[in-house]
Amino acid sequence: MFFYYLMIFLFAFNTHPILSAEIGGFTTVKIAGGIALIYGIWNHCGSNRKSKISKSMLAFFTFFVFAFLISSLLNCVPLNVRYGPRFVSALLLVACTIFLVKDTKQISKIIYILIISMDFSTLWIIKQYLGGMRRPGGTFGDSNYYAIAAVFIIGLTLVLGKNGQQRSLFFYGSTILNSVGLILSGSRGGILGIGVAVFYLWWTSKNKIRNAIVFIITITTLVTVVPNNLEERFNNTNTGARVSTEHRVRILEIGWELFKTKPVFGIGPGNYKIESGDFFEDKQLSRMAHNSYLEVLTELGLTGIFPFLGMCFCCIRQFQKKIRSLKQRDERKSELEIYCRAILIGFMGYLIGVVFLSAEYEKILWLCFALALIIAAIPSAASEDSALDEA
């Protein structure tokens with residue numbers, strides 16, 4: 001499991017000079033993932049335990065893989081370029097998770113490692129900002145990709161802090177730290193994503209008045225104290241922000257035009273950025289969609305977008321079902337129920353964030369898909385203890 005946890009830790013270090021280094025053409029995260037997969041297969045083959053996987057989630061997952069491959073073949077896109085390695089990495093992550101994650105303790109370690117990893121990345125963000133960088137990207141190398149990861153982590157830590165008991169200080173400290181990083185990144189998509197996550201958390205809470213007051217005071221204090229350019233970015237008073245917004249709108253319009261040329265199987269993975277350049281006199285103005293859903297629709301067509309949306313929906317549904325089933329067994333909140341709720345909140349904020357970013361193959365998204373595949377089979381700590389007592 002060491003290499004699996006190492007892979008999880010390295011999620012936040014895409015551009016770190018040491019932790020993202022290549023060895024023999026492979027990045028450290030891919031090497032750790034490859035070793036974890038080999039161990040997972042070996043461990044799974046030597047065990048009599050059968051993994052119970054969500055059939056609906058597996059069906060959508062299989063159809064999405066088919067859509068990616070068929071679109072690549074029809075558009076003559078080699079899998080060793082552009083999005084091929086990223087897609088293979090996503091599949092590697094899913095396979096590792098299915099083979100290795102079996103209980104609540106392992107999910108707990110995954111969550112803690114993700115939080116600690118992002119805390120380090122946020123410290124890098126603060127360092128870059130203090131060094132004069134206006135919109136730092138930290139170890140992600142891009143402020144927007146950092147921001148959606150921070151949204152997911154803030155969703156986790158908000159829920160865990162509320163239920164963390166003696167660890168609440170750690171979780172709330174991480175919430176504040178990553179909120180500072182999110183504000184410094186100046187990502188509009190990230191801000192909207194965390195807004196949705198916080199709203200959903202508030203809506204599902206029992207003491208709505210108290211929680212509303214706490215959220216408003218905390219958010220107002222952070223935005224007031226932490227240096228930011230959010231107002232000018234949202235109002236487009238800044239020239240750079242206005243030009244960026246206009247260009248993104250144009251890119252989205254181009255995406256719809258590209259979709260209409262090949263609506264069933266799409267234009268091919270990774271071709272959005274290439275073919276969008278045909279709509280500009282200056283080819284350097286070509287960009288990715290900056291919208292994961294539109295990019296999947298355009299590159300993989302209707303064959304790809306339906307299973308992708310299905311995976312997103314099933315992921316939410318699987319965690320909600322697990323939470324309900326755990327509630328029915330025990331009136332007290334189990335550790336697994338809290339983890340499921342935390343992942344659900346973070347994931348919902350993440351899904352909003354990717355409306356403004358091409359992140360359909362980002363690792364956190366696929367980790368959530370992988371956990372949704374197996375979450376029904378994960379026993380709560382209480383269930384494990386009961387089984388041991390009976391034995």
Side-chain angles (χ1 to χ4, degrees), residues 11-12 14 83 86 90 118 121-122 125 134-138 140-155 178-179 181-200 219 223 228-259 270 272-273 276 285-300 304-305 308-309 311-313 315-316 345-366 368-369:
F11 280 5
N14 294 336
Y83 278 15
R86 296 181 65 191
M118 276 300 298
S121 185
T122 300
I125 286 274
R134 184 169 174 79
R135 290 195 62 204
F140 281 80
D142 182 278
S143 57
N144 293 312
Y145 284 99
Y146 162 80
I148 59 168
V151 167
F152 181 74
I153 296 301
I154 293 169
N178 285 281
S179 296
L182 178 60
I183 293 170
L184 292 178
S185 73
S187 171
R188 289 169 287 188
I191 295 297
L192 291 173
I194 197 58
V196 170
V198 169
F199 177 79
Y200 181 81
I219 292 170
V223 173
N228 67 84
N229 60 348
L230 294 177
E231 183 177 354
E232 62 185 39
R233 283 188 61 76
F234 276 96
N235 292 333
N236 283 337
T237 55
N238 177 274
T239 303
R242 185 171 62 254
V243 171
S244 174
T245 300
E246 292 171 354
H247 188 58
R248 285 197 180 197
V249 170
R250 178 58 184 148
I251 286 291
L252 294 176
E253 292 172 348
I254 290 171
W256 182 249
E257 294 301 318
L258 289 172
F259 162 69
Y272 194 111
K273 184 175 181 179
S276 67
L285 292 175
S286 64
R287 293 289 187 275
M288 295 184 294
H290 288 289
N291 181 310
S292 296
Y293 307 106
L294 178 63
E295 188 156 290
V296 171
L297 175 65
T298 303
E299 293 188 348
L300 305 186
I305 191 62
F308 184 76
L309 293 175
M311 286 192 295
C312 293
F313 173 77
C315 189
I316 293 172
I345 296 295
F347 181 69
M348 293 186 71
Y350 198 93
L351 290 182
I352 298 300
V354 299
V355 171
F356 307 93
L357 192 63
S358 296
E360 60 269 30
Y361 304 109
E362 286 297 298
K363 298 178 185 69
I364 288 179
L365 181 67
W366 285 84
C368 291
F369 288 159

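Of all heavy-atom pairs spanning Asn144 and Ser187, the tightest one is OD1-OG, 3.2 Å. Taking each heavy atom of Glu360 and Ser292 in turn, the nearest pair found is N-OG, 3.5 Å. Between Asn14 and Lys363 the shortest heavy-atom distance is OD1-NZ, 4.3 Å. Nearest approach of Ala12 to Ser121, heavy atoms of both residues: O-OG, 3.9 Å. Of all non-hydrogen atoms in Phe347 and Cys312, the two that sit nearest each other are CE2-O, 3.7 Å.
How far OH of Tyr145 is from CG of Leu357: 4.5 Å, rounded to the nearest 0.5 Å. Atoms CZ and CH2, from Arg86 and Trp366 in turn, are 11.5 Å apart once rounded to the nearest 0.5 Å. Atom CE of Met348 is separated from atom CD1 of Ile194 by 12.0 Å, given to the nearest 0.5 angstrom. The distance from atom CZ of Phe11 to atom CE of Met118, rounded to the nearest 0.5 Å, is 12.5 Å.
A donor-acceptor pair under 3.5 Å links the side-chain atoms of Tyr272 to the main chain of Gly255, judged by distance alone. For the pair Ser185 (side chain) and Leu182 (backbone), a donor-acceptor distance under 3.5 Å is present. The backbone N or O of His290 lies less than 3.5 Å from a partner atom in the side chain of Ser358, making a donor-acceptor pair. Without hydrogens or angle criteria, Asn291 side chain to Phe356 main chain gives no donor-acceptor distance under 3.5 Å. Between the side chain of Thr298 and the backbone N or O of Leu258, no donor-acceptor pair lies under 3.5 Å.
In this structure, Phe259 and Trp256 have tilted ring planes: the angle between them lies in the 30° to 60° band.
Using a 4.5 Å heavy-atom threshold, the side chains of Leu351 and Ile316 count as touching. Using a 4.5 Å heavy-atom cutoff, the side chains of Phe140 and Ile125 are not in contact.
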**Item:** Trace of the side-chain contact (heavy atoms from CB on, under 4.5 Å) decision for Leu365 with Met311
**Value:** CA-CA 10 Å; Leu365 181 67; Met311 286 192 295; over 6 Å; no
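One side chain, Thr122 or Tyr146, offers a donor N or O that lies under 3.5 Å from an acceptor on the other.
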Please tabulate, for the side chains in residues 147-155, all donor-acceptor contacts under 3.5 angstrom to protein atoms that are two or more places apart in sequence or on a different chain.
none

